[in-house]
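Some notes on the structure that comes next.
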Amino acid sequence: MLKIYNTLTGKKEPFEPIAPKTVRMYVCGVTVYDYCHIGHARSALVFDVLRRYLEYSNYAVTFVKNFTDVDDKIIKRAHEQGVSCDAVTAKYIQAYHEDMGKLGIQAATEEPKATEHIADIIHLTEQLVKKGLAYVVDGDVYFEVSKYPEYGRLSKRRLEDLQAGARVDVDERKRHAMDFALWKSSKPGEPTWESPWGPGRPGWHIECSAMSIRHLGETFDIHGGGMDLIFPHHENEIAQSCGSTGKEFARYWVHNGFVQINKEKMSKSLGNFFTIREIFEKSEWPEDVTGEILRYFLLSTHYHGPLDFSDQALKEAKSALNGFYDLFQRLDEPEERATADQKLREVIERCRVTFQSTMDDDLNTPEAVAALQGMKANVNKLLGQGLSMPARKRVREEFRSLGENFGLFQLGKWQFGPFVVPIGQAKETDDAMPISVKTSGLADTEIEDLLRERNESRRRKDFQRADEIRKSLASQGIIIEDKPDGTTRWKR
RNA sequence: GGCGCCGUACCCAAGUGGUAAGGGAGCAGUCUGCAAAACUGCGAUGCAGCGGUUCGAACCCGCUCGGCGCCUCCA
């Protein structure tokens, strides 16, 4: 049974969906005015994994993730670039799909846009005005927080405390410093829609209420996003939604921790952020950073805590992941014996149980990864004792099946090249489907030609030439391994 | 000023009352033309510090030190 930390109660709670075996979840996506950075990647990944694990646990999941495509920052960006807001949002929505695609983030069931829900937003706002929870000033509509007694429930803040800390110039027309805009009258040149209060555009919290209610109903199971959304964004969503419907909104509020650089939050204002595409493109290594490496890295820390991003951490993730693919490669090699097949069954079963119980415990991905590492070590040992081909296939499948929760271990060969058999035999076809491909460096066929030459040299005991070739390949990031049977395998 | 988080080995990181998972790096060994991989062994008597509660504490309580976040747009 899954337990999940609920920001609303401040406790880890058993997850009980409203309707049996179904989950409806909403996650705040991004405002599309720029490329996504690793912080966005982490958030997207955390909820991607939550969704995958719920599905693995036999829930039918409806997953809604929105795009905020009307906003001050978008308008500003459009003006700077001399293009329309639509052009800006279209560009970055496409970039989002590209970047997240490389990361192996699955598309949500629905990916609604704020601009497609203006009618819902206006309707919701009208309800709030009608109920006396919102007021109109000069074509703007504000939510009146002091009329909503539960305000501050999610972020555990009291209105008085908030007031004391308000650092921003308060709009004099507002009745309370914390009142926030549901609808803003639009200035010339801004996107605008007709409304009962005159031409304008939505405030930035109301869209999520409107879209989640439209796609998931007034009450649904899980609402997620980054920690920084707890206040004021999610607090305001609750106020609007509950205020309007009079019903409970989301039951479980799940928030992921930040990605940091040198212990500091990665953010635009600090200028210390890395975009996803930068990381894929500007790797220092001869080969690419793959989506899988990035996923492994991001999952090596519990989702709730902070995570420091560094090149070294990425390298460690790569090495750790390498070990798995080394094993998968061994598992493909032929074997007659079946000595350890029975033991393997126990190893698989133990790993599966541990994996599930750690994931059930508030998505403890680091410990679940440790369970996979444990299975890796055990299987390597059993390989020495002798595992039959069906047994090998079975354990590879288990890695694939558990790994699917993380989007790991799905590749046929990942970064590994095919075996190079001693002279004269054809190479296997390469059916690898890397998540991310950078085609710099040597082509597979060139590498194999060199390896063929090297193996010939080895045969002639010309080890000097053989080592030359190894060295030259190594300088380009190609690592080769000689196997006892005289064949050689390589990897980038 | 208010609310909150974090401090575990060289690095990363689980563990929230029962005697320190896992990964990376390192060292030694087996194997090997060499190398790599794999396997075996080594590695915190201690979990920021000091008190307290307890038969028992990294885990609970208090204080101190250090780092960070939110209260303004932010994943």
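Every value quoted in this text rests on a predicted model; they were computed, and no experiment measured them.
- Across B:U16 and B:C61, the matching P atoms stand 14 Å from one another, rounded to whole Å.
- Within the 4.0 angstrom heavy-atom criterion, base atoms lie near A:Met266.
- Each of A:Ala371 and A:Pro306 has a nearest nucleotide on RNA chain B; the 5'-most of these lies closest to A:Pro306.
- The C1' atoms of B:G26 and B:C73 are separated by 46 Å, rounded to the nearest whole Å.
- With B:C70, B:A75, B:C39 as the choices, the nucleotide that has an atom nearest any side-chain atom of A:Ala377 turns out to be B:C39.
- A centroid separation of 6.0 Å or more is found between the aromatic rings of A:Tyr92 and A:Tyr33.
- Looking at the side chain of A:Arg454, the nearest of the listed nucleotides B:A14, B:C34, B:A75 is B:C34.
- Partner assigned to B:A9 is none, using Watson-Crick or G-U wobble distances below 3.5 angstrom.
- Nearest to the side chain of A:Ala370, among B:C68, B:G33, B:A21, sits B:A21.
- Atom pair A:Trp253:CH2 and B:C70:P shows a separation of 19 Å (rounding to whole Å applied).
- If you take atom C1' in B:G41 and the same atom in B:C31, they sit 16 Å apart, rounded to whole Å.
- A:Ala320 comes within contact range of the sugar-phosphate backbone alone, with a heavy-atom separation under 4.0 Å but no base atom that close.
- Between A:Phe355 and A:Phe406, the ring center distance clears the sub-6.0 Å criterion.
- For A:His304 and A:His255, the ring centers are positioned 6.0 Å apart or more.
- A donor-acceptor contact under 3.5 Å links the side chain of A:Arg470 to the base of B:C34.
- Note: A:Phe63 and A:Phe47 fail the aromatic proximity criterion, with ring centroids not under 6.0 Å apart.
- Taking every side-chain heavy atom of A:Glu367 into account, B:G15 is the closest of B:C12, B:G15, B:G69.
- A distance of about 14 Å separates the P atoms of B:U45 and B:C50, rounded to the whole Å.
- When heavy atoms are screened at a 4.0 angstrom cut-off, A:Gly257 is found touching base atoms of the nucleic acid.
- In the set B:C71, B:C39, B:A75, the nucleotide with an atom closest to the side chain of A:Arg157 is B:C71.
- With B:A13, B:G69, B:C12 as the choices, the nucleotide that has an atom nearest any side-chain atom of A:Glu316 turns out to be B:C12.
- The side-chain tip of A:Arg42 does not point at the ring of A:Phe258 from less than 6.0 angstrom away and within 45° of straight on.
- The NZ atom of A:Lys263 sits 13 Å away from the P atom of B:G67 (whole-angstrom rounding).
- In this structure, A:Glu207 places its CD atom 13 Å from P of B:C73, rounding to the nearest Å.
- In this structure, A:His37 reaches the bases: a heavy-atom distance under 4.0 Å links it to at least one base atom across the strands shown.
- Computed from coordinates, the A:Leu327 CG to B:C39 C1' distance equals 13 Å when rounded to whole Å.
- Set against B:C73, B:A21, B:C34, the side chain of A:Pro232 has B:C73 as its closest nucleotide.
- Between A:Lys76 and B:C73, a side-chain N or O to OP1/OP2 separation shorter than 4.0 Å is absent.
- With B:C73, B:A37, B:G24 as the candidates, the nucleotide lying closest to the side chain of A:Asp326 is B:A37.
- Here B:C34 is the nucleotide among B:C34, B:A75, B:C71 with the atom lying nearest to any side-chain atom of A:Arg458.
- If you look at A:Phe328 and A:Tyr325, their ring centroids are closer than 6.0 Å.
- Across all strands shown, B:G33 forms no Watson-Crick or G-U wobble pair with both key distances under 3.5 Å.
- At the heavy-atom level, A:Gly384 lies nowhere under 4.0 Å from the strands shown.
- Distances shorter than 4.0 Å separate none of the side-chain N or O atoms of A:Lys471 from OP1 or OP2 on B:A35.
- For A:Asp140 and A:Lys184, the salt-bridge test fails: no basic side-chain N is under 4.0 Å from an acidic carboxylate O.
- Using the Watson-Crick or G-U wobble rule with both distances under 3.5 Å, B:U40 pairs with B:A28.
- Between A:Glu264 and A:Lys73, the residue anchored nearer the 5' end of RNA chain B, judged by the nucleotide with its closest heavy atom, is A:Glu264.
- Pairing for B:A14 is absent, with no Watson-Crick or G-U wobble pair whose two atom distances lie under 3.5 Å.
- No hydrogens or angles were tested; on distance alone, nothing pairs the side chain of A:Asn364 with the base of B:G15 as donor and acceptor under 3.5 Å.
- The gap from the C1' atom of B:C65 to that of B:G51 amounts to 15 Å, rounded to the nearest Å.
- Of the C1' atoms belonging to B:A9 and B:C42, the separation is 13 Å, rounded to the nearest Å.
- Base-pair partner of B:C60: B:G52 (Watson-Crick or G-U wobble, both distances under 3.5 Å).
- B:G1: Watson-Crick or G-U partner is B:C71, with both key distances under 3.5 Å.
- For the P atoms, the distance from B:G18 to B:A58 is 11 Å, rounded to whole Å.
- You won't find any donor-acceptor pair under 3.5 Å spanning the side chain of A:Gln373 and the base of B:G23, going by distance alone.
- Aromatic pair A:His223/A:Tyr252: ring centres not closer than 6.0 Å.
- With B:A75, B:A14, B:G23 as the candidates, the nucleotide lying closest to the side chain of A:Tyr296 is B:G23.
- Taking only side-chain nitrogens and oxygens, A:Asn380 comes nearer than 4.0 Å to OP1 or OP2 of B:C39.
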